[in-house]
There are 2 protein chains.
Amino acid sequence: MRFTRERAEILRGSCSAGGHFVVEALAKRVGVSVATVYRNLPLMVEAGIIRRTVDTPDGRGAYEHVWGREHHDHLVCVRCGEVVEFHFTALEVLQEHVAQEHGFALMDHRMELLGLCPRCQEEET
Amino acid sequence: MRFTRERAEILRGSCSAGGHFVVEALAKRVGVSVATVYRNLPLMVEAGIIRRTVDTPDGRGAYEHVWGREHHDHLVCVRCGEVVEFHFTALEVLQEHVAQEHGFALMDHRMELLGLCPRCQEEET
DNA sequence: GTATCTGCAAAACTTTTGCTTATTT
DNA sequence: AAATAAGCAAAAGTTTTGCAGATAC
C-alpha cells in the first residue's frame, strides 16, 4: 500500500469543505481523476478515515471525513438541505441496547433526522 | 390523479415480499415497466405510502411499504445482509429532543444499526 | 373526448473496469 | 527493477425523459 500524491490530496481535500463531499466535486477540487477517487474510497472507508453518509436526497453517494473527529450524526433540513451535526450519547446507549436485545453485535450506525431548519420554518408562513 | 391498473399493481406488489423492495425487482414482479415505477414512487413517497430506506450497501435505491404499518427502523447484518425491523419509542423521544434543541421541526428520520447477526457471530469463530 | 398515464427507447448520470503509462519503494 | 497506482476511455448500472399510443374519467 503506497502513499501517493493522489492519496494525500484526497485525504487533504476530504478534510476541507466541512468534511462532507460527493465524489465528483472532491475529484475536481483536488485535481485527481474520479476513477482514482472511486478506487480509493473503499480503502479509506475500511481504514475508518471516511464513512459513507446518507445526506443526498438524490441518489449520489455522499461521504464525510471522520479521521480524528468525534462520532456524530446529522440533522438535515428537507427544504434547504442544511446539515447540522450532533452527538447525543444517550441515543447511542439505547441503540446498543436495541442491538443486544436482538442478539446483534453492533458495529456502526447511520442516523439522519429530517425536518425543517429554523430559517425555513419562518419562511413557512 | 387517476387510479390505474399499474398503480394498483405497484401498491399491491409493494406489500408483498416483506414490504422491502428495489425498483427493478418490483417492476418485474408486478409486470409494470420500470419507467412507470420510477415515475410513481415519488408520488407514493409524498403520499406517505412508501418510504425510501437505506438498506442497500450498493448504490441502488431501496424502498419499503409503510401503509398502515407501525413505524420502525432497521438492524442490518453487515455480513449476510439480514434485515430485522425494530421499534423503540425511547429512541424516538430522544430524537425529537435533539431536533428541538437545534430548533428543527422534526418530520422524519432514518436509522440503521449495522452489526453482526447472531448466526454470523457464530460463524465468526 | 380529453387530459392523464404507460411503455419503449434514448439520454443523462453515477460508478466500475481494462489497459497503458507513470510512480513509489 | 518490480510491483502498485493513476488516468483515460469504455462499460455497466441506475434513474430520468421525450414521445406515440393507450386508458381512466
Side-chain angles (χ1 to χ4, degrees), chain A residues 1-15 17 19-65 67 76 78 81 83 110 112 114, chain B residues 1-15 17 20-65 67 76 78 81 83 110 112:
Chain A
M1 179 79 171
R2 294 177 180 172
F3 193 63
T4 60
R5 184 191 68 79
E6 287 79 4
R7 284 178 176 155
E9 290 294 351
I10 291 170
L11 287 177
R12 202 172 57 73
S14 70
C15 296
H20 294 253
F21 62 92
V22 295
V23 173
E24 194 191 341
L26 176 67
K28 183 173 299 179
R29 188 145 52 80
V30 302
V32 171
S33 73
V34 293
T36 297
V37 174
Y38 275 117
R39 270 197 269 245
N40 280 299
L41 274 181
L43 305 174
M44 296 177 179
V45 169
E46 181 76 20
I49 298 169
I50 283 177
R51 79 170 171 150
R52 183 163 192 162
T53 63
V54 193
D55 297 332
T56 33
D58 51 41
R60 276 192 300 188
Y63 298 83
E64 71 177 338
H65 167 95
W67 197 16
V76 181
V78 296
V83 175
R110 286 185 289 204
E112 284 190 294
L114 308 167
Chain B
M1 178 81 170
R2 294 177 180 172
F3 193 63
T4 61
R5 183 191 70 79
E6 288 79 5
R7 285 178 176 156
E9 290 294 351
I10 291 170
L11 286 178
R12 202 171 57 73
S14 70
C15 295
H20 293 253
F21 62 93
V22 294
V23 173
E24 194 191 340
L26 176 67
K28 183 172 298 179
R29 188 145 52 78
V30 303
V32 172
S33 73
V34 294
T36 298
V37 175
Y38 275 117
R39 270 195 274 243
N40 281 302
L41 274 181
L43 305 174
M44 296 177 179
V45 169
E46 181 78 18
I49 297 170
I50 282 177
R51 80 171 169 149
R52 183 161 192 166
T53 64
V54 192
D55 295 333
T56 34
D58 52 39
R60 277 192 299 188
Y63 299 83
E64 72 177 338
H65 167 95
W67 196 16
V76 182
V78 296
V83 175
R110 286 184 288 204
E112 285 188 296

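Labels below follow one simple rule: chain letters A, B, ... track the order of the sequence lines, proteins then strands, and each chain is numbered from 1. Computation of the quantities below employed the complete heavy-atom set of this structure, encompassing side-chain atoms and omitting hydrogens, waters and symmetry-equivalent molecules.
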Trainee: Taking protein heavy atoms under 4.0 Å as touching, what does nucleotides 18-23 of chain C look like 5' to 3' if B marks base contact, S marks sugar-phosphate-only contact and - marks none?
Mentor: B----B
Trainee: Testing the basics here: between B:V22 and B:G61, what is the closest heavy-atom pair and its distance to 0.1 Å?
Mentor: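 Shortest heavy-atom contact: CG1-O, 3.8 Å.
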Trainee: If each of A:V23 and B:E6 is mapped to the nucleotide of DNA chain C with the nearest heavy atom, which maps nearer the 5' terminus, i.e. the 5' end?
Mentor: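 The answer here is B:E6.
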Trainee: Just to verify, what does B:E6 make a side-chain contact (heavy atoms from CB on, under 4.5 Å) with, not counting sequence neighbours?
Mentor: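 For B:E6, the residues satisfying side-chain contact (heavy atoms from CB on, under 4.5 Å) (neighbours in sequence not counted) are B:T4, B:V32, B:T36.
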Trainee: Would you kindly compare A:L43 and B:F3 by the position of their nearest DNA chain D nucleotide and give the one closer to the 5′ end?
Mentor: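 Of the two residues, A:L43 wins.
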Trainee: Heavy atoms only: give me the nearest A:R7-A:M44 pair and the separation to one decimal.
Mentor: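 Taking every non-hydrogen atom into account, O-CE, 4.1 Å.
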Trainee: With rounding to the nearest 0.5 Å, note down the distance linking CH2 in B:W67 to CG in B:L11.
Mentor: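 The CG atom of B:L11 is 6.0 Å from CH2 of B:W67, to the nearest 0.5 Å.
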Trainee: Please give, in whole Å, the distance from D:dA9 P to A:Y38 OH?
Mentor: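 About 18 Å, once rounded to whole Å.
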Trainee: Tell me what A:V32 touches on the nucleic acid: a base, only sugar-phosphate, or nothing, going by heavy atoms under 4.0 Å.
Mentor: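 Answer is sugar-phosphate: A:V32 comes under 4.0 Å of backbone atoms only.
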Trainee: Quick one: salt bridge (Lys or Arg N to Asp or Glu O under 4.0 Å) pairs with a partner in residues 23-50 of chain B, sequence neighbours left out?
Mentor: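 Every pair satisfying salt bridge (Lys or Arg N to Asp or Glu O under 4.0 Å) with a residue in residues 23-50 of chain B: B:E24-B:R60.
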Trainee: Compute the bend angle of the helix from C:dG1-D:dC25 to C:dT25-D:dA1 from the end axes (five pairs per end), rounded to 10°.
Mentor: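 It comes to 30° between the two terminal axes.
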Trainee: Between C:dT17 atom P and A:L41 atom CG, what is the distance in whole Å?
Mentor: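 Checked: the CG to P distance equals 14 Å.
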Trainee: If you measure from CG on B:L26 to NE2 on B:H20, what distance do you get to the nearest 0.5 Å?
Mentor: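 That separation rounds to 13.5 Å.
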Trainee: For DNA chain D, whose closest nucleotide is more 5', that of A:N40 or that of B:V34?
Mentor: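 The 5'-side residue here is A:N40.
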Trainee: Whole angstrom is fine here: how far is it from CG in A:L26 over to C1' in C:dT15?
Mentor: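 For the pair A:L26 CG and C:dT15 C1', the rounded distance is 15 Å.
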Trainee: A:V45: what forms a side-chain contact (heavy atoms from CB on, under 4.5 Å) with it, not counting sequence neighbours?
Mentor: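 Checked A:V45 against side-chain contact (heavy atoms from CB on, under 4.5 Å); matches are A:I50.
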Trainee: Restricting to non-hydrogen atoms, name the atom on B:R52 and the atom on B:R110 that form the minimum distance, rounded to 0.1 Å.
Mentor: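 What the structure gives for the nearest pair is O-CD, 3.8 Å.
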Trainee: Listed by chain and number, what are the side-chain hydrogen bond (donor to acceptor under 3.5 Å, both in side chains) partners of B:R5, not counting sequence neighbours?
Mentor: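 Scan of B:R5 (side-chain hydrogen bond (donor to acceptor under 3.5 Å, both in side chains), adjacent residues dropped) gives none.
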Trainee: On the nucleotide D:dA6, are OP1 or OP2 found under 4.0 Å from the side-chain N or O atoms that A:S33 carries?
Mentor: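 For D:dA6, OP1/OP2 do not have a side-chain N/O of A:S33 under 4.0 Å.
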Trainee: Please state how far atom CD in A:E24 lies from atom C1' in D:dG7, giving the value in whole angstrom units.
Mentor: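 Going from CD in A:E24 over to C1' in D:dG7 covers 16 Å.
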Trainee: In whole angstrom, give the distance that lies between atom CZ of A:F21 and atom P of C:dT15.
Mentor: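 Between P of C:dT15 and CZ of A:F21: 12 Å.
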